[in-house]
Amino acid sequence: MAILPILCYPDPRLHKVAKPVQAVDARVRALTADMLATMYEANGIGLAATQVDVHERIIVIDVSEERDQPLVLINPELVWTSEQRQLGDEGCLSVPGIYDSVERAEAVRARALDADGNVREIEAEGLLAVCIQHEMDHLLGKVFVEYLSPLKRGRIKTKMLKQQKQQAVRA
């Protein structure tokens with residue numbers, strides 16, 4: 001398994017819309033394994049293929065305390081979202097060090113293929129529901145900071161660009 005480079009906001013590649021996976025084959029299974037390794041290495045709870053510059057509809061999630069319950073969702077779609085909404089702090093591996101409040105559905109039902117190509121339906125609430133919605137946004141080319149005010153988004157963009165310049169100077 002390889003650790004993949006994670007794109008950082010405001011990289012324009014984060015805004016590409018992901019295409020459906022045509023077949024769950026060895027390449028896709030290897031990619032999901034690499035994505036899980038990357039997510040765990042970065043201390044994240046979710047990662048979309050878009051974030052590693054692969055523009056296919058694949059997300060990996062693990063919200064378990066022990067980090068031993070990986071969830072692979074290929075071509076995920078939300079089939080139901082609750083009317084009840086919740087406001088919660090979110091962060092993102094593509095926007096390191098930034099956390100802010102985003103409103104999401106409290107509960108969702110998602111349908112997707114698993115790593116073996118089997119159709120699964122998952123009902124989720126709380127953190128898992130938030131994570132599914134957050135990662136699915138990535139597949140649509142949307143980063144969580146886009147839910148924030150233009151002023152906050154502008155400040156975050158400036159901060160991220162400054163960090164990237166400092167890292168480039170160190171490299």
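- A donor-acceptor pair under 3.5 Å is absent between the side-chain atoms of D137 and the main chain of K142, judged by distance alone.
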Table please: side-chain donor-acceptor pairs of residues 70-80 below 3.5 Å, with sequence neighbours left out.
from, atom 1, to, atom 2, distance (Å)
N75, OD1, V21, N, 2.7
N75, ND2, V21, O, 3.0

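- For the side-chain hydrogen bond (donor to acceptor under 3.5 Å, both in side chains) test, no residue two or more places apart in sequence or in another chain qualifies with Q164.
- Linking ILVMFWY side-chain heavy atoms closer than 4.5 Å, directly or via other members, places I59 and I45 in a single hydrophobic cluster.
- For E146, the side-chain hydrogen bond (donor to acceptor under 3.5 Å, both in side chains) partners two or more places apart in sequence, or in a different chain, are H15.
- Every side-chain hydrogen bond (donor to acceptor under 3.5 Å, both in side chains) that E56 has, sequence neighbours left out, goes to R27.
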Extract all donor-acceptor atom pairs below 3.5 Å that involve side chains of residues 119-132 and protein atoms in other chains or at least two apart in sequence.
from, atom 1, to, atom 2, distance (Å)
E121, OE1, R111, NE, 3.1
E121, OE1, R111, NH2, 3.1
E123, OE2, R109, NE, 3.2

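- By the side chain to side chain contact (heavy atoms under 4.5 Å, CB included) test, A30 is found to be paired with no residue, residues two or more places apart in sequence or in another chain being considered.
- Clustering of Ile, Leu, Val, Met, Phe, Trp and Tyr by side-chain heavy atoms under 4.5 Å joins L161 with none of the others.
- Q133 places a side-chain N or O within 3.5 Å of a backbone atom of A105 that can act as its donor or acceptor partner.
- Among residue pairs with one or both ends in residues 83-101, those qualifying as side chain to side chain donor-acceptor pair (under 3.5 Å) are Q51-S94, R85-E103, D89-S101, E90-R104, E90-H134, D100-K152; sequence neighbours excluded.
- N118 meets the side chain to side chain contact (heavy atoms under 4.5 Å, CB included) test with D114, D116; sequence neighbours excluded.
- Hydrophobic cluster of L148: the remaining members, joined at side-chain heavy-atom separations below 4.5 Å, are L7, Y9, L14, V95, I98, V102, V143, F144, V145, Y147, I156, M160, listed by chain and number.
- With sequence neighbours excluded, no residue forms a side-chain hydrogen bond (donor to acceptor under 3.5 Å, both in side chains) with K159.
- Taken to the nearest 0.5 Å, the NE2 atom of H138 stands 14.5 Å off from the CD1 atom of I58.
- Closest heavy-atom contact between S64 and D68: OG-N, 3.1 Å.
- The hydrophobic cluster around L140 extends to none of the other residues, as no ILVMFWY side-chain heavy atom falls under 4.5 Å of it.
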